[in-house]
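What follows is a set of notes on a single structure, which appears directly below.
Fair warning: this is a prediction, and the values are worked out from it, not measured in the lab. All residue numbers in this chain count up from 1 along the given sequence. The figures here come from the full heavy-atom set of this structure, side chains too, leaving out hydrogens, waters and symmetry mates.
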Amino acid sequence: MLAAADDIVGYAPYVARVPVNPRQRRHGSDNRVEAERAEFALDLALRGRRVAVVSSGDPGVFAMASPVLEAAAAGTRFAGVPVGVVPGITAAQAVASLAGAPLGHDYVTLSLSDRLKPWQVIARRLAAAAEADFAIAIYNPASRSRRRQLIDARDLLLGHRDAGTPVVIGRAAGAAEQQVTVTTLGELDPARVDMRCLLIIGSSQSRVMRDASGAARVITPRRYPG
């Protein structure tokens with residue numbers, strides 16, 4: 001799909017990951033202009049261009065499929081523009097595969113970013129997921145300007161989970177510099193987490209096991225005690 005496109009549109013660092021094709025135009029933008037980016041891409045398509053809007057993982061998970069489809073359905077301007085969603089591997093699955101099988105049972109995905117929803121909503125959902133004993137994949141855990149949310153989230157989770165609960169920190173999954181760290185909820189250090197990270201918080205049943213090489217493998221069993 002990328003090779004067939006005339007134009008590549010997306011957040012600038014994601015556009016930079018797409019191999020350069022001299023016949024294509026590349027349009028990188030800031031990560032705070034999703035709605036404008038969606039309309040820009042649709043406008044290019046309306047003029048007959050074949051456009052690929054890129055995301056870092058699966059476009060339907062905290063990414064660009066939603067804003068593009070919203071913009072396409074708003075009014076009649078883009079009624080004639082066909083929009084397809086090409087699935088990818090989202091960060092939760094990428095990090096889980098590197099760590100073992102921490103999402104082997106029921107789990108929840110949740111973003112800690114309060115840029116598009118208030119913190120009160122995030123905290124309520126996080127508490128509900130923790131009380132229901134889901135494993136939790138946390139997107140957008142921290143940024144340079146958002147440091148308090150992860151501290152508050154950890155403290156909230158410790159009200160429902162044992163301090164020894166396994167936690168996976170996956171950074172830059174799929175990139176050459178990827179790192180995976182296994183720690184515990186009690187020892188989770190927010191200072192080690194940034195926007196390139198995804199966290200997986202285990203359920204009460206999650207365990208750390210060692211493979212033949214001695215590497216830590218986080219497992220959430222598919223069976224749950226009666």
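- The number of heavy-atom neighbours closer than 6.0 Å to CZ of R25, taken from other residues, nucleotides and ligands shown, is 12 or below.
- No more than 12 heavy-atom neighbours from other residues, nucleotides or ligands sit within 6.0 angstrom of CZ on R50.
- Looking at heavy atoms from C-beta onward, V182 lies out of side-chain contact with R217 at the 4.5 angstrom threshold.
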Stepwise side chain to side chain contact (heavy atoms under 4.5 Å, CB included) check, L157 with I136: CA-CA 10 Å; L157 288 168; I136 306 171; 3.8 Å; yes
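- Taking CG of L199 as the reference point, atom CG of L110 lies at 11.0 Å (rounded to 0.5 Å).
- No side-chain heavy atom of R223 sits under 4.5 Å from any side-chain heavy atom of Q205.
- Ring orientation note: the planes of H27 and F40 are nearly perpendicular, at an angle over 60° on the 30°/60° scale.
- Open room surrounds CD1 on I89; 12 or fewer heavy atoms of other groups in view lie less than 6.0 Å from it.
- R115 has its side chain out of reach of R146: every pair of non-hydrogen atoms, C-beta onward, lies at least 4.5 Å apart.
- A salt bridge links E177 to R196: at least one charged side-chain nitrogen sits closer than 4.0 Å to a carboxylate oxygen.
- Taking hydrophobic clusters as Ile, Leu, Val, Met, Phe, Trp and Tyr residues chained together by side-chain heavy-atom distances below 4.5 Å, W119 does not share a cluster with F62.
- The pair D7-R49 meets the salt-bridge criterion, since a charged nitrogen lies less than 4.0 angstrom from a carboxylate oxygen.
- You'll find the side chain of V68 stays beyond 4.5 Å of the side chain of E34, heavy atoms only.
- Proximity of T183 to V167: side-chain heavy atoms (C-beta onward) are separated by under 4.5 Å at one or more points.
- Contact of the R154 side chain with the P190 side chain is registered, since non-hydrogen atoms from C-beta on lie closer than 4.5 Å.
- Residues meeting the ring-ring contact (aromatic ring centres under 6.0 Å, His included) test with F134, sequence neighbours left out: none.
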Side chain to side chain contact (heavy atoms under 4.5 Å, CB included) between S113 and M195, worked out: CA-CA 10 Å; S113 174; M195 276 293 284; over 6 Å; no
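- By the criterion of side-chain heavy atoms lying less than 4.5 angstrom apart, applied directly or through intervening Ile, Leu, Val, Met, Phe, Trp or Tyr residues, V108 is not grouped with L103; the two fall into different hydrophobic clusters.
- Contact record, D58 with A63: O-CB, 3.6 Å, taken as the closest heavy-atom pair.
- In this structure, R161 pairs ionically with D133, as a charged nitrogen and a carboxylate oxygen lie closer than 4.0 Å.
- Under the 3.5 Å distance criterion, with hydrogens and angles disregarded, no donor-acceptor pair is assigned to the side chains of Q24 and D6.
- Between G202 and T165, the closest heavy-atom pair is O-CG2, 3.2 Å.
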Candidate pair I138 and I201, rule side chain to side chain contact (heavy atoms under 4.5 Å, CB included), full reasoning: CA-CA 8 Å; I138 296 180; I201 314 296; 4.0 Å; yes
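- Taking both residues in full, the closest heavy atoms of A5 and R23 are given as O-NH2, 3.0 Å, listed atom of the first, atom of the second, then distance.
- In this structure, the separation between NZ on K117 and OG on S111 is 4.0 Å, given to the nearest 0.5 Å.
- Remark: L150 CG to R192 CZ distance equals 12.5 Å, nearest 0.5 Å.
- Remark: R125 CZ to Q120 CD distance equals 12.5 Å, nearest 0.5 Å.
- The local environment of CD in Q178 is crowded, with over 12 non-hydrogen atoms from other residues, nucleotides or ligands closer than 6.0 Å.
- With contacts defined as side-chain heavy-atom distances shorter than 4.5 Å, the pair L2/V54 qualifies.
- T220 and P102 get closest at one heavy-atom pair: OG1-O, 2.7 Å.
- In terms of modelled atom types and a separation under 3.5 Å, the side chain of T90 and the main chain of Q93 share no donor-acceptor contact.
- Taking the charged nitrogens against the carboxylate oxygens, R144 and D194 have no contact shorter than 4.0 Å, which rules out a salt bridge.
- Formation of a donor-acceptor pair under 3.5 Å by the D114 side chain with backbone atoms of P118 is not found in this model.
- One hydrophobic cluster holds both L158 and L112 under the rule that ILVMFWY side chains link at heavy-atom gaps under 4.5 Å.
- Residues V20 and R26 approach most closely at CA-NH1, 3.7 Å, considering heavy atoms.
- R222 CZ to D106 CG: the interatomic distance, rounded to the nearest 0.5 Å, is 11.0 Å.
- Inter-residue side-chain proximity for Y107 and I200 is flagged as unmet; no heavy-atom pair is nearer than 4.5 Å.
- To the nearest 0.5 angstrom, Q149 atom CD is 7.5 Å from S143 atom OG.
- Criterion: ILVMFWY side-chain heavy atoms under 4.5 Å apart, direct or through other members. Under it, I169 and L198 are not part of a common hydrophobic cluster.
- Here the side chain of R37 pairs a donor or acceptor atom with the backbone of D30 at under 3.5 angstrom.
- Annotation for Y139 and V61: closest pair OH-CG1, 3.7 Å, computed over non-hydrogen atoms.
- Each of V193 and V168 belongs to its own hydrophobic cluster when Ile, Leu, Val, Met, Phe, Trp and Tyr are linked at side-chain heavy-atom distances under 4.5 angstrom.
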